[in-house]
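A quick write-up on the structure given underneath.
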Amino acid sequence: MIYSSILETVGNTPLVRLERLAPPGVNVWVKIEAFNPMGSVKDRIALAMIEHAEQTGELSPGQTVIEATSGNTGIGLAMVCARKGYPLVVTMAESFSIERRKLLRYLGAKVVLTPAAEKGTGMMKKAEELAERHGYYMPRQFENAENANVHYRMTAREILADLGERSMYAWVTGSGTGGTLLGVGRALREASPGTRIVVAEPDNAPVLGSGVAQTRDERGRPAGSHPHFRPHLMQGWTPDFVSDLTQGAVDAALIDEVVPVNGDTAMTLSRDLARREGIFAGTSAGATLAAALDVAESAPEDAHIVAMLPDTGERYLSTPLFGDIGEDMDEEETALSESTPGYRFDGQASPAPAPEAPAADPSATAFVESVVRDEPVVMFALEWCEFCWSLRKFFDALGVRYRSIDLDSVEYQEDERGVAIRQALGKRVGSPTIPQVFVAGEHVGGCTDVIEAYEDGALPDRFGAADIAYDEEASIDAWSLMPQWVHPRKTG
Ligand code: PMP
C-alpha cells in the first residue's frame, strides 16, 4: 500500500479473534486501535474534527489549535496539526502519564499543565481561557459532533464489514468523551439492532451506573464534578462529568448495560492480553475486555462479542500498569545469567583473552598530545555513548566551552583513524573507556571522575587556575544527568 500522507493511514484497524482469553464456545473479537498511526482511537477524531473545521471555516490556515485532553486526542491532534501546519497547544492535568506530555512536545505541541486537584474540569476551563485570550480554535472533543460522526461513518462500518455474516451479540466500549459510544452505538442501532450495547466504567466511579444525572449550566454544559466521580486507574475513561456526547447516548437509549470494572482486574487483563495473546494495549483496553468477558459468561453458544481496545500499552510505562515490571534482573534471570560462564556481573566470568594490542600509531599519539596541549577543555567521545551525552549536558549546563573529538564520527572513519586515536588515548590514560576528559593539559578522567571532581571542587579549581570561563553560580545536580540505569542515587 502507498499513501500520499500519514493521515490516509488513520482507521481500518484490525478486528482480531482472541484464542486463549475467550471462554470456550464464545467468540470474543477485539478492535485494536493501536494500529492507528499515533497508536490510539483518537487519531480518528483528531483528523475528523480538524477537517470538519477546515470545511466550515471555523479553522483558518495557520491558526493555533487548542484542546483539553488526557493525551490521546492531543497526540492525534499533534500528528494532524504537524502534517497540516497548525500550531497546537494542549492543556492536561498533571496526573496523566509523563510519556504523554513528552510525546506531545516531541511532535511539536505545547503542553500547559493544570493541577490534578482541578480534574478534567480544570483542564477544560484552562483551554477555554487560553482560546478566548489568544483567539485559538478549540475542537471541544467532549461536545464536537464530528467526534461521534466519524465513529458512525468509519469505526462502526469497519466492524460490521469485518464481521460479515456473523451476527454480533454484543459490542463493548468504555466512555471518555463518549464519541465512540455515541457514534458506533447509533450505527449499530440502525444496522444491527439485535446487538447489545455494553458500556464499561470504573467500579469506583459509577457515574453512569448510579443513574444520577449530571448537573448542567444554563448553556447545557456540565456544571461541576459528578457526585459519583472518583479518581480511577483507567486513563481516558470517565472524566469527572457526563459529557454531552455520553449524555446523547444515554438520552437516545443506546446503552443496554453498564458493567462496573475494577482497576486491578483491568490491569491484569491488559497484561494477560500481552502475555497470552501477544496484543499490547493500554489499561482501558484491559478494562473493556474485562467487561466483554463478563458479558461472555452469560452469552449464548457461538455468540460474537466485539470489544474496543482504545490504545497502545506503550503509553503507560510510567503508570501502575507497569508498576511491578522491574528494571534489574530478578532471581530467575540472574540464575539464567549465571548458568553460562561469559558476560556476567558477579566477577566469576571468564572473559575472552584480550587480543594482543597492536603497536601505537605514532601519528595518533601525536594527535592526542597536540589536542590535549592546545584545547583548554577536551573530551574524547563516541557519538552513540550515553556517558558522553551526559557530559555534554553537564558542560552545557555549566557554560563551559569544550571540544568533543567524536572518534566514531565520519570525520575519523578514514583508515580507521578513530580506532588508532582511541588506542593511543588508552595508552596515555591507562584505561580503554570513553569518554576521557582533559582540562588545561591535565587528565581528569571519565564521566564519573568529572562529576566527582565537580562536586569536590577540584574541577572548579582547575577551571579557575587555567582561566577557563564557567558559570560559577550554576548549581547542577550532575548525577541526574547520568544515564538512568547508572544513576547512583537511584540504586543506592
Ligand atoms: N481509552 C483511552 C485510552 C482513551 O484515551 C479514550 C479517549 N479519551 C477512551 C478510552 C474513550 O474513548 P471516547 O472518548 O471515544 O469515549
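In listed order, ligands and their atoms are each counted from 1.
- Without hydrogens or angle criteria, Ser60 side chain to Gln63 main chain gives no donor-acceptor distance under 3.5 Å.
- Among all heavy-atom pairs drawn from Asp244 and Arg216, the shortest one is OD1-NH1, 3.2 Å.
- Of the possible polar contacts, one joining the Ser390 side chain to the Leu481 backbone as a donor-acceptor pair under 3.5 Å is found.
- For Phe241 and Phe142, the ring centers sit closer than 6.0 Å to each other.
- The protein residues lying under 4.0 angstrom from ligand 1, judged by non-hydrogen atoms, are Lys42, Asn72, Ser175, Gly176, Thr177, Gly178, Gly179, Thr180, Gln235, Gly236, Trp237, Ser284, Pro310, Asp311, Tyr316.
- Here the side chain of Glu201 pairs a donor or acceptor atom with the backbone of Leu208 at under 3.5 angstrom.
- Screening Gln235, Arg100, Glu99 against Tyr316 for a side-chain hydrogen bond (donor to acceptor under 3.5 Å, both in side chains) leaves a single residue, Arg100.
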